[in-house]
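Input: a single structure, listed below in structure tokens.
Per chain, numbering begins at 1; letters A, B, ... match sequence-line order.
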Amino acid sequence: MIRIFLIVLLCLSGAAISARGAESVSDAPKKPRHEYTNVILVSLQCLRADHLGVYGYTRDTSRNIDALAKRSVVFDNAISQANLTPVTQMSVLTSQYPRVNGMVSFEVAKDMVTSRTLPEILKYYDYTTAATLSSPEFFMRFDSESGAMINPGDVFSRSFDYYGRTARGPQGASIRTVPTDAFQWLKNNKDKKFFLWIGSGLLHMPYAAAVPAPYKTMYDPPGYTPFWKRLPAKAGESSWNDDPSYDIFSRVYHNDFYWGFKPIYHLNEDDVKYVKARYDAGVYYTDLFIGELLRLLDSLKLTEKTLVILQSMHGDDLGEHGLYFHYDVTEPVMKNALLMRFPGGEYGGKRVAELVQGLDVMPTILDFLDIPVTHEAQGTSLLPLVKGEKGAVGSEYVFIDRMPWWEYTLSKWYLELQHASGGQFTASEEARLKDYQLLLQSNFDRLGYPPGDIAVRTSEWKLIHRKNRDILEKVSWWRFITDTLQPVEELELYDLKNDPGEKQNVADKFPLVVARLKEKLLEWDALMEKRKAAYKKSDKRYIIPYP
Amino acid sequence: MQREEDRSVPGYCKAAVIMLVCLALCLAMNVTGHAEEKKKEPAAAPATVKSPLKFKDYNVVFVSFDALQAAHVHSLGYPRDITPTIDAMAKKGFNFTTNISTASWTVPASMTWFTGVYPSEHKLTNKFAVFNPPNNVISNLKKLSPNVVTLAELLKGNGYVTGGFTGNAGVNGFFGYDQGFDTYFYEKGKFGSMGVSLPKALEWLKDNKDKKFFMFLHGYDMHGQGVPEGGFDYRFVEKGYDRKYTGSAAEQEALREEGLEKGAVALRDEDVKFWRAIYDEKIQRTDARFKKFLEEFEKLGLMDRTIFVLTSDHGTEFHEHKRFDHGFSLYDELIHVPLIIKLPKQKHGKIIKDQVSSVDVMPTILDLLDVTVPEKVRAQMRGSSLVSAMKGKKVAKDVFFETDYRLYTYKRGIQTVEGWKLIYTMENKGRELYNIRKDPGETKNLIDKEPKLAYELEQRLFAHFKSIGHDLNARTWETGLNPVYDSQAKPAVKK
């Protein structure tokens, strides 16, 4: 018995010594980070990673973001879950795939998404939560039947103590500017423990519309006149100003501008340069905003206790494949900027090459704050990657739900909007538009669920599987404006290592890769169907006002 | 707090004292982990080498008083003295006063004792594995969980004769409750009584008393569907009650169905009192019946060679939460059940307040009987032996419970050592948070007052089920028809 005594004592002293060795610096128990750490999530609509210096862009568009990147962990391969703003952003704020959280389109109303959001969880931990936003996507909806405005603050506003927008336009919708109301909010709330979501819609088409002089034209090719201003008078509508808008670019297919079902103009290098110039002016102006924000954090002494995450929600095509906007799931649309500046600049300068996804943002924030990650999360914390832990490899597969943008909006509200604002269609187009809209409506369901247009991205490959190829072909907007059948491939495989521009579909060349990825993709697709958010029958649909 | 065990039990008492000294020392220094290591020191102290509380080749009588709510047991604090036989055994044995069942109805709850796993794992979570009339498939352990080893199988493999004498219904042989039993008695089509099952058991003992045996006794005498032969004498019913109810099984069934259908039953306070009085009469009659069994058992000279385990699969509810019967909810009145373990020759018992689970029962029995447990079965069992609690060690732990009452609901729950309880309803993500210590009646849902705690408990609950191979997020939870009682199947059959 004495011997037991001694052994126990020995073990105890050994444990005590090793414990002291490990905690030599501070002996007080460490407080969980959520007790003293703020979080700012900056989400930029339509920001292409490759138009920032930190991601290798040669034009000097992003001095402030580049400086931020030096103190941040830079993710070089961050992929979105979807190509539409509210869809992909809700997947960030819930860490759930769109079909699981239910935010699959603009037709989703408040209370239809019941999944737990990041601000909801942070509120459990006594965070003050705020959103300052300049994207109309995150604001009021109009009842599609009565036209009445629904209570401002839609599905995204849940669990935000403050949910504000920067500027309201004449029609009641938000103006796409930079969300400068964030500054005042920060000044007023600097002493609180907070989560602030800053969302900017400035980069969205029409490009640089809200960018003031002299920035707006800073990159314009000298002496250039927009091509739509040079077209015959009947095509160049008076309402078309210098801003590259989707009224114009929805008519551009494979860089041909269609008018009255005819290609009346082919875009040349200068035209594309002009579009990029205006886009980049927006990036530059956004970057100025980021610079001001970071300086404000310094002056409010918040930098050292605030986790700052900058992400793009999705990007835009700028002439790749002769297309514009975020119509499909191309690399410029799906590959995003993602920077995380940890308090004190910890891990600053690290670059993460592994594949990560929008779903991972929320688990990373929670993990960093020492808050248990919710079981509902479908992403994983990136901290092991950030810390370089063994076995941290990122996502092997990223799955994407695609919403065919033009067809979807035309089936819902875009036509009415265009008609209301004076009409921008030729007589021959008008004659067929009603039938076209009916065709669209009969092929998209009430909520505009993606009709089986899905993709999987790995570090080497992207496989797009258009399960309803025939429907897409039938309803194709390109088919409508060109008056010609535009074939849609059921399977597209891109070898991203050797063909980063996705110029060549190599599905036929690599049947084994296709088979492997397709199996994974369909497995995921089936799971999504199984876990699809259930809406109540009474749930109404609402529309979002544009611009 | 800690009373000594019977000195006539050779060896283990002395060892217990040594262990207690070591344990107290270790606890004081906050490193209990080392105590375990020391036990294994071969030359440390001879008395500890032969681990105490081992009863190799002793018999086990395992009794399930179906639907016995802990709150109606006198030795657990019920004022009315209706359980003298159970109480006497509790006084001599280890009385686990905070024992929480893994489920709130017979089929899932009882199989946990015999497999040492949660209902989600043994998969006997409903009467039917497939309910699609007329192509129904009755749940069966061997079919649903072919690799799970039962307590009876294991004991049989260790040379025990095994006999089950039950009231059928939820523990009938079709479900696989007979797996591993040499003899398994159940009266088909009945909610059978101990009035039948106990005599059957005694009869069996005549032939088997000289062998080492494992016996399972069960009856529905206290259950809503149990009515004493010859009817009630209403011994506890208050004078002046207007006899709106008579206590029949049909009335009980109607109230149960009304609650399930409407979410609440309309009962007056005097009706609730009446039903509790009826329940008490059933409990008292059953206790007396068990007393008779023990007397016969004693005559056979088996007492000193037998471990008794007395427990219940679930409680029952009397309108505490507006419903009647059991199975739908996971409130304390439904999952808090007695657990009494009396060792051979044990004369002085001990009250153990530590929170434990019915999932601990199988490892405890195996530990006491000192049988060889294959690695596969060790890996299977989710609970831990309560023998250490009998030796004075703290064993309180968070417990988990569940019910798939599939016509109506799927619920999962956790109750922490500190008395926080979260019930999560899968089909509507409904959450209830109670502080059992401050609010034992579970009347104040604190989900909005304690959002952080609720969130963290929810994560633990889901992590627990994930850790046992049941990712609750991997499927959808749609309620549908999967009847428990025959009467509930009728609408579907008509269709």
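Heavy-atom distances place both the backbone and the side chain of Glu376(A) under 4.5 Å from chain B. Contact of Glu458(B) with chain A is made through backbone and side chain together, with heavy-atom distances under 4.5 Å. Heavy atoms closer than 4.5 Å to chain A are found nowhere in Ala463(B), neither backbone nor side chain. Proximity to chain A is limited to the side chain of Lys429(B), based on heavy atoms less than 4.5 angstrom apart.
Not less than 6.0 angstrom separates the ring centroid of Phe328(B) from the ring centroid of Tyr405(B). Note: Phe462(B) and His375(A) meet the aromatic proximity criterion, with ring centroids under 6.0 Å apart. Taking the ring centroids of Tyr118(B) and His464(B), they lie under the 6.0 Å cut-off.
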Q. Stepwise, does the side chain to side chain donor-acceptor pair (under 3.5 Å) test hold for Thr443(B) with Asp439(B)?
A. CA-CA 7 Å; Thr443(B) 56; Asp439(B) 174 27; 2.9 Å; yes
Q: Check step by step if ring-ring contact (aromatic ring centres under 6.0 Å, His included) holds for Tyr97(A) and Trp524(A).
A: CA-CA 10 Å; Tyr97(A) 290 103; Trp524(A) 167 79; 5.3 Å; yes
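Heavy-atom pairs under 4.5 Å with chain B were tallied for Ile371(A), Val373(A), Asp126(A); the largest tally goes to Val373(A). With respect to chain A, the highest number of heavy-atom pairs below 4.5 Å among Arg460(B), Arg431(B), Arg475(B) belongs to Arg431(B).
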